[in-house]
Amino acid sequence: MSERTHAGFAMRTPFERRYVKDLAASAHPDAVRAFNATPPVRRKYFAGARGMYRPEHHYVVAPPRWECTAEGKVWLGVFAHEIGHAIDMHGRGVARARSIALAPAIRRDRARLGARIAAEHRLPKRQRGCGGAGGLCRFPAGARAVLLRTLPHAMAAATFARTWHDGAPREALRDLAERMTPIEVAGQDPRRSRQARETARLMAYALATVGDFIGAVYDLEGGGRSRGYYNRFPAVSGPSLTVGHTAEAFANAFVSDVLEGRELLSYLTRTAAPSTHAAYRNLLAGIGRAGPEGGKLSRDSSSR
(Lines give C-alpha, C1' and ligand atoms only; values in the text may rest on other atoms or scores of the structure.)
Protein backbone atom coordinates (compact mmCIF):
# COMPACT_ATOMS: atom_id res chain seq x y z
CA MET A 1 0.00 0.00 0.00
CA SER A 2 1.44 3.37 -0.99
CA GLU A 3 1.94 6.32 1.32
CA ARG A 4 0.14 9.59 0.65
CA THR A 5 0.90 13.27 1.17
CA HIS A 6 -1.46 15.67 2.93
CA ALA A 7 -2.90 16.60 -0.49
CA GLY A 8 -3.51 12.92 -1.28
CA PHE A 9 -0.67 12.32 -3.78
CA ALA A 10 0.41 8.68 -3.76
CA MET A 11 4.09 8.00 -3.00
CA ARG A 12 4.66 4.62 -4.59
CA THR A 13 8.38 4.72 -5.31
CA PRO A 14 11.44 6.35 -3.68
CA PHE A 15 11.60 8.81 -6.57
CA GLU A 16 8.00 9.95 -6.05
CA ARG A 17 8.58 10.20 -2.31
CA ARG A 18 11.47 12.64 -2.84
CA TYR A 19 9.36 14.96 -4.95
CA VAL A 20 5.61 14.77 -4.36
CA LYS A 21 5.96 15.27 -0.60
CA ASP A 22 6.97 18.87 -1.37
CA LEU A 23 4.16 19.69 -3.77
CA ALA A 24 1.38 21.98 -2.54
CA ALA A 25 -0.86 20.77 0.27
CA SER A 26 -3.58 22.76 -1.51
CA ALA A 27 -3.06 21.01 -4.87
CA HIS A 28 -6.24 20.75 -6.92
CA PRO A 29 -8.03 17.44 -6.18
CA ASP A 30 -8.44 16.61 -9.88
CA ALA A 31 -4.69 17.02 -10.42
CA VAL A 32 -4.02 14.70 -7.47
CA ARG A 33 -6.41 12.05 -8.79
CA ALA A 34 -4.93 12.26 -12.30
CA PHE A 35 -1.43 11.77 -10.85
CA ASN A 36 -2.58 8.77 -8.82
CA ALA A 37 -4.30 7.26 -11.88
CA THR A 38 -1.05 7.35 -13.86
CA PRO A 39 1.47 4.51 -13.39
CA PRO A 40 4.61 5.55 -11.48
CA VAL A 41 7.12 7.23 -13.75
CA ARG A 42 10.66 5.87 -13.84
CA ARG A 43 13.59 8.23 -13.31
CA LYS A 44 16.75 8.70 -15.34
CA TYR A 45 19.38 11.40 -15.11
CA PHE A 46 22.11 12.52 -17.47
CA ALA A 47 24.77 14.98 -16.31
CA GLY A 48 23.89 18.50 -17.41
CA ALA A 49 20.43 17.42 -18.59
CA ARG A 50 17.26 19.45 -18.21
CA GLY A 51 13.90 17.94 -17.34
CA MET A 52 12.31 15.80 -20.03
CA TYR A 53 9.60 13.15 -20.36
CA ARG A 54 10.03 10.18 -22.70
CA PRO A 55 6.56 8.74 -23.45
CA GLU A 56 7.91 5.69 -25.26
CA HIS A 57 9.68 4.57 -22.07
CA HIS A 58 7.58 6.42 -19.45
CA TYR A 59 10.49 8.05 -17.65
CA VAL A 60 11.45 11.59 -16.69
CA VAL A 61 14.94 13.06 -16.64
CA ALA A 62 15.52 14.28 -13.08
CA PRO A 63 18.01 13.86 -10.26
CA PRO A 64 17.00 11.49 -7.45
CA ARG A 65 16.87 14.31 -4.86
CA TRP A 66 16.07 17.90 -5.73
CA GLU A 67 17.63 19.02 -2.42
CA CYS A 68 21.10 18.02 -3.65
CA THR A 69 21.04 20.08 -6.85
CA ALA A 70 22.34 23.59 -7.49
CA GLU A 71 18.90 24.52 -8.85
CA GLY A 72 17.26 23.33 -5.65
CA LYS A 73 13.52 23.66 -5.38
CA VAL A 74 13.14 24.66 -9.03
CA TRP A 75 13.39 20.93 -9.77
CA LEU A 76 9.99 20.51 -8.09
CA GLY A 77 8.55 22.72 -10.80
CA VAL A 78 10.40 20.81 -13.52
CA PHE A 79 9.11 17.55 -12.03
CA ALA A 80 5.54 18.86 -12.01
CA HIS A 81 5.79 19.95 -15.65
CA GLU A 82 7.15 16.60 -16.82
CA ILE A 83 4.58 14.69 -14.76
CA GLY A 84 1.95 16.77 -16.55
CA HIS A 85 3.32 15.41 -19.83
CA ALA A 86 3.33 11.88 -18.38
CA ILE A 87 -0.33 12.12 -17.37
CA ASP A 88 -1.15 13.45 -20.83
CA MET A 89 0.84 11.00 -22.95
CA HIS A 90 1.20 7.75 -20.98
CA GLY A 91 0.24 4.81 -23.17
CA ARG A 92 -0.42 7.07 -26.15
CA GLY A 93 2.71 8.97 -27.17
CA VAL A 94 2.85 12.52 -28.49
CA ALA A 95 0.75 12.05 -31.63
CA ARG A 96 -2.23 10.68 -29.67
CA ALA A 97 -1.86 12.70 -26.47
CA ARG A 98 -5.00 13.31 -24.44
CA SER A 99 -4.37 17.05 -24.58
CA ILE A 100 -5.27 17.17 -28.29
CA ALA A 101 -8.84 17.48 -26.98
CA LEU A 102 -7.97 21.05 -25.89
CA ALA A 103 -7.70 22.24 -29.52
CA PRO A 104 -11.29 23.56 -29.92
CA ALA A 105 -11.04 25.50 -26.66
CA ILE A 106 -7.69 27.00 -27.68
CA ARG A 107 -9.30 28.12 -30.93
CA ARG A 108 -12.09 29.82 -28.96
CA ASP A 109 -9.63 31.66 -26.72
CA ARG A 110 -7.59 32.78 -29.72
CA ALA A 111 -10.73 34.13 -31.40
CA ARG A 112 -11.88 36.03 -28.28
CA LEU A 113 -8.66 37.22 -26.63
CA GLY A 114 -5.77 36.46 -28.96
CA ALA A 115 -5.52 39.83 -30.73
CA ARG A 116 -5.54 41.74 -27.45
CA ILE A 117 -2.84 39.61 -25.84
CA ALA A 118 -0.69 39.40 -28.97
CA ALA A 119 -0.73 43.22 -29.27
CA GLU A 120 0.66 43.60 -25.74
CA HIS A 121 4.34 43.62 -26.66
CA ARG A 122 3.82 46.15 -29.49
CA LEU A 123 2.70 48.96 -27.16
CA PRO A 124 5.16 51.02 -25.11
CA LYS A 125 4.55 50.45 -21.45
CA ARG A 126 3.45 54.05 -20.81
CA GLN A 127 0.64 53.75 -23.39
CA ARG A 128 -1.07 50.83 -21.71
CA GLY A 129 -4.07 51.51 -19.53
CA CYS A 130 -3.86 51.23 -15.78
CA GLY A 131 -7.28 49.74 -15.06
CA GLY A 132 -9.35 50.51 -12.01
CA ALA A 133 -7.88 51.03 -8.56
CA GLY A 134 -9.80 47.99 -7.35
CA GLY A 135 -8.01 45.54 -9.62
CA LEU A 136 -6.66 43.58 -6.66
CA CYS A 137 -10.20 43.06 -5.36
CA ARG A 138 -11.02 41.09 -8.50
CA PHE A 139 -8.65 38.34 -7.35
CA PRO A 140 -10.21 35.56 -5.21
CA ALA A 141 -9.25 35.72 -1.54
CA GLY A 142 -6.78 32.82 -1.78
CA ALA A 143 -5.04 34.21 -4.86
CA ARG A 144 -4.90 37.68 -3.30
CA ALA A 145 -3.34 36.27 -0.13
CA VAL A 146 -0.59 34.51 -2.13
CA LEU A 147 0.10 37.68 -4.11
CA LEU A 148 0.35 39.85 -0.97
CA ARG A 149 2.59 37.24 0.66
CA THR A 150 4.84 37.08 -2.39
CA LEU A 151 5.40 40.83 -2.87
CA PRO A 152 7.04 43.32 -0.49
CA HIS A 153 4.02 45.66 -0.22
CA ALA A 154 0.37 45.99 -1.22
CA MET A 155 1.06 48.69 -3.81
CA ALA A 156 3.17 46.25 -5.85
CA ALA A 157 0.34 43.71 -5.69
CA ALA A 158 -2.18 46.31 -6.84
CA THR A 159 0.08 47.28 -9.75
CA PHE A 160 0.37 43.65 -10.81
CA ALA A 161 -3.41 43.19 -10.61
CA ARG A 162 -4.08 46.25 -12.77
CA THR A 163 -1.53 45.23 -15.40
CA TRP A 164 -2.84 41.66 -15.46
CA HIS A 165 -6.47 42.64 -15.95
CA ASP A 166 -5.53 45.26 -18.55
CA GLY A 167 -4.61 42.49 -20.98
CA ALA A 168 -0.84 42.64 -20.53
CA PRO A 169 -0.26 39.32 -18.74
CA ARG A 170 3.31 38.62 -19.81
CA GLU A 171 4.47 42.08 -18.77
CA ALA A 172 2.72 41.60 -15.43
CA LEU A 173 4.46 38.24 -14.91
CA ARG A 174 7.88 39.69 -15.71
CA ASP A 175 7.38 42.58 -13.30
CA LEU A 176 6.14 40.23 -10.58
CA ALA A 177 9.16 37.92 -10.92
CA GLU A 178 11.52 40.90 -10.66
CA ARG A 179 9.86 42.32 -7.54
CA MET A 180 9.73 39.19 -5.42
CA THR A 181 13.46 38.46 -5.09
CA PRO A 182 14.02 38.11 -1.32
CA ILE A 183 16.24 40.71 0.36
CA GLU A 184 19.18 39.40 2.35
CA VAL A 185 19.05 40.60 5.96
CA ALA A 186 22.24 40.89 8.02
CA GLY A 187 22.29 38.34 10.80
CA GLN A 188 19.44 36.30 9.32
CA ASP A 189 19.58 32.56 9.93
CA PRO A 190 21.29 31.14 6.79
CA ARG A 191 18.79 28.30 6.67
CA ARG A 192 15.84 30.71 6.60
CA SER A 193 17.60 32.84 4.01
CA ARG A 194 18.16 29.80 1.77
CA GLN A 195 14.56 28.71 2.24
CA ALA A 196 13.32 32.16 1.22
CA ARG A 197 15.51 32.13 -1.90
CA GLU A 198 14.36 28.65 -2.86
CA THR A 199 10.70 29.56 -2.42
CA ALA A 200 11.14 32.71 -4.52
CA ARG A 201 12.97 30.81 -7.26
CA LEU A 202 10.25 28.17 -7.39
CA MET A 203 7.57 30.86 -7.65
CA ALA A 204 9.56 32.54 -10.43
CA TYR A 205 9.66 29.21 -12.27
CA ALA A 206 5.92 28.75 -11.73
CA LEU A 207 5.19 32.22 -13.09
CA ALA A 208 7.35 31.42 -16.11
CA THR A 209 5.19 28.35 -16.77
CA VAL A 210 2.10 30.59 -16.67
CA GLY A 211 3.84 32.66 -19.35
CA ASP A 212 4.57 29.45 -21.28
CA PHE A 213 0.90 28.48 -20.98
CA ILE A 214 -0.06 31.83 -22.52
CA GLY A 215 2.52 31.38 -25.26
CA ALA A 216 1.23 27.89 -26.09
CA VAL A 217 -2.43 28.92 -26.17
CA TYR A 218 -1.91 32.06 -28.25
CA ASP A 219 1.08 30.89 -30.36
CA LEU A 220 3.29 33.77 -29.21
CA GLU A 221 7.01 34.13 -29.77
CA GLY A 222 8.85 34.63 -26.50
CA GLY A 223 6.24 32.71 -24.56
CA GLY A 224 8.77 30.07 -23.56
CA ARG A 225 8.88 28.16 -26.86
CA SER A 226 9.54 29.35 -30.38
CA ARG A 227 7.19 28.80 -33.28
CA GLY A 228 9.92 26.62 -34.74
CA TYR A 229 9.56 24.31 -31.74
CA TYR A 230 5.80 23.99 -32.17
CA ASN A 231 6.05 23.50 -35.91
CA ARG A 232 7.97 20.25 -35.35
CA PHE A 233 4.71 18.62 -34.23
CA PRO A 234 1.69 17.44 -36.26
CA ALA A 235 -0.94 20.10 -36.92
CA VAL A 236 -4.30 19.97 -35.14
CA SER A 237 -7.48 21.57 -36.39
CA GLY A 238 -6.00 23.90 -38.97
CA PRO A 239 -2.96 26.20 -39.16
CA SER A 240 -0.84 27.52 -36.28
CA LEU A 241 -2.09 24.89 -33.83
CA THR A 242 -0.11 21.70 -33.27
CA VAL A 243 0.10 18.82 -30.85
CA GLY A 244 3.00 20.73 -29.29
CA HIS A 245 0.72 23.68 -28.43
CA THR A 246 -1.89 21.47 -26.79
CA ALA A 247 0.67 19.36 -24.88
CA GLU A 248 2.51 22.38 -23.47
CA ALA A 249 -0.75 24.08 -22.52
CA PHE A 250 -1.76 20.96 -20.55
CA ALA A 251 1.59 20.48 -18.80
CA ASN A 252 1.88 24.14 -17.81
CA ALA A 253 -1.68 24.25 -16.50
CA PHE A 254 -0.88 21.14 -14.42
CA VAL A 255 2.11 22.94 -12.87
CA SER A 256 -0.22 25.74 -11.76
CA ASP A 257 -2.47 23.21 -10.03
CA VAL A 258 0.17 21.46 -7.91
CA LEU A 259 2.87 23.94 -6.79
CA GLU A 260 3.00 26.22 -3.77
CA GLY A 261 0.93 29.33 -4.48
CA ARG A 262 -1.57 27.22 -6.43
CA GLU A 263 -4.45 29.56 -5.56
CA LEU A 264 -2.78 32.40 -7.47
CA LEU A 265 -1.26 30.31 -10.26
CA SER A 266 -4.53 28.54 -11.11
CA TYR A 267 -6.37 31.86 -11.16
CA LEU A 268 -3.82 33.32 -13.58
CA THR A 269 -4.08 30.41 -16.02
CA ARG A 270 -7.88 30.49 -15.81
CA THR A 271 -8.20 34.21 -16.52
CA ALA A 272 -5.51 34.17 -19.23
CA ALA A 273 -7.34 31.55 -21.30
CA PRO A 274 -10.73 30.69 -19.78
CA SER A 275 -11.96 28.27 -22.44
CA THR A 276 -8.68 26.36 -22.54
CA HIS A 277 -8.48 26.18 -18.75
CA ALA A 278 -12.05 24.88 -18.45
CA ALA A 279 -11.35 22.22 -21.09
CA TYR A 280 -8.12 21.26 -19.31
CA ARG A 281 -9.94 20.84 -16.00
CA ASN A 282 -12.63 18.67 -17.63
CA LEU A 283 -9.95 16.52 -19.25
CA LEU A 284 -8.00 16.26 -15.99
CA ALA A 285 -11.12 15.15 -14.09
CA GLY A 286 -11.78 12.47 -16.70
CA ILE A 287 -8.24 11.10 -16.40
CA GLY A 288 -8.63 10.87 -12.64
CA ARG A 289 -11.90 8.95 -13.01
CA ALA A 290 -10.51 6.59 -15.63
CA GLY A 291 -9.27 3.92 -13.27
CA PRO A 292 -7.48 2.97 -10.07
CA GLU A 293 -4.12 4.50 -9.35
CA GLY A 294 -1.08 3.34 -11.14
CA GLY A 295 -1.52 -0.35 -11.91
CA LYS A 296 1.59 -2.34 -11.06
CA LEU A 297 4.08 -0.57 -8.85
CA SER A 298 7.52 -0.11 -10.30
CA ARG A 299 10.82 0.03 -8.47
CA ASP A 300 12.66 3.34 -8.45
CA SER A 301 15.17 3.46 -11.32
CA SER A 302 17.68 5.73 -9.58
CA SER A 303 20.58 3.41 -10.34
CA ARG A 304 19.76 2.90 -14.00
Side-chain angles (χ1 to χ4, degrees), residues 19-20 22-24 26-28 30-32 34-35 41 50-53 60-62 66 69 71-89 97 99 102 105-106 109 117 120 143 146-147 150 160 164 168-181 198-226 229-230 244-274 276-281 283-284:
Y19 280 78
V20 302
D22 294 311
L23 297 179
S26 64
H28 195 280
D30 287 340
V32 175
F35 174 87
V41 182
R50 308 296 296 172
M52 182 187 305
Y53 172 66
V60 298
V61 175
W66 67 261
T69 64
E71 298 86 351
K73 222 172 183 180
V74 169
W75 269 107
L76 292 178
V78 176
F79 170 83
H81 181 90
E82 303 309 332
I83 288 298
H85 283 314
I87 291 169
D88 178 21
M89 299 177 192
S99 58
L102 303 182
I106 290 176
D109 278 328
I117 291 177
E120 168 200 344
V146 173
L147 191 58
T150 298
F160 169 81
W164 180 264
R170 291 189 295 166
E171 176 192 314
L173 293 170
R174 285 192 297 268
D175 289 349
L176 180 56
E178 290 173 3
R179 289 173 180 270
M180 69 185 187
T181 303
E198 295 241 343
T199 298
R201 290 175 69 192
L202 179 59
M203 178 58 80
Y205 174 88
L207 293 171
T209 65
V210 175
D212 290 351
F213 171 81
I214 294 169
V217 171
Y218 296 106
D219 189 35
L220 301 178
E221 290 284 0
R225 309 275 181 175
S226 68
Y229 168 81
Y230 289 120
H245 290 96
T246 57
E248 293 301 334
F250 183 96
N252 286 314
F254 184 80
V255 171
S256 293
D257 272 348
V258 300
L259 290 189
E260 297 170 14
R262 195 275 297 178
E263 299 86 350
L264 172 64
L265 299 169
S266 292
Y267 175 74
L268 296 180
T269 54
R270 176 168 62 83
T271 53
T276 303
H277 189 262
Y280 152 77
R281 280 282 176 80
L283 180 59
L284 195 69

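Given the structure is predicted, the values throughout are model-derived calculations rather than measurements. Computation of the quantities below employed the complete heavy-atom set of this structure, encompassing side-chain atoms and omitting hydrogens, waters and symmetry-equivalent molecules.
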Closest contact, heavy atoms only, A247 versus M89
CB-CE, 3.7 Å
Report the C-alpha distance between H245 and D219 in whole Å, list the side-chain angles of each, state the deciding distance to 0.1 Å, and finish with yes or no for side-chain contact (heavy atoms from CB on, under 4.5 Å).
CA-CA 7 Å; H245 290 96; D219 189 35; 2.9 Å; yes
Out of curiosity, F250 CZ to H81 NE2, how far, rounded to the nearest 0.5 Å?
11.0 Å
Rounded at 0.5 Å granularity, tell me how far CG in L207 sits from CG in L202.
9.5 Å
Distance col, row L173:CG vs T209:OG1, nearest 0.5 angstrom, shows 9.0 Å
Out of T269, D257, T246, which one pairs with Y280 under the side-chain hydrogen bond (donor to acceptor under 3.5 Å, both in side chains) rule?
D257
Is there a side-chain contact between K73 and Y205 (heavy atoms, below 4.5 Å)?
no
Minimal heavy-atom distance between F213 and A273, with the atoms involved, is CE2-CB, 3.7 Å
Smallest heavy-atom separation, L268 atom then W164 atom, equals O-CZ2, 3.1 Å
Counting C-beta onward and ignoring hydrogens, is there a side-chain heavy-atom pair between F35 and L23 closer than 4.5 Å?
no
V78/E71 under side-chain contact (heavy atoms from CB on, under 4.5 Å): CA gap, chis, key distance, verdict:
CA-CA 10 Å; V78 176; E71 298 86 351; over 6 Å; no
Closest non-hydrogen atom pair between D30 and R281, with its separation
OD2-O, 4.3 Å
Tell me the closest heavy-atom pair linking V258 and A80, and the distance in Å.
CG2-CB, 3.7 Å
Nearest 0.5 Å please: distance from the CG atom of D212 over to the CG atom of N252.
5.0 Å
Gap separating the CE atom of M203 from the CG atom of L265, nearest 0.5 angstrom
5.0 Å
Rounded to the nearest 0.5 angstrom, the CZ-CD1 distance for F254 and I87 is 3.5 Å
Nearest non-hydrogen partners of G72 and W66, listed with the distance
C-CE3, 3.5 Å
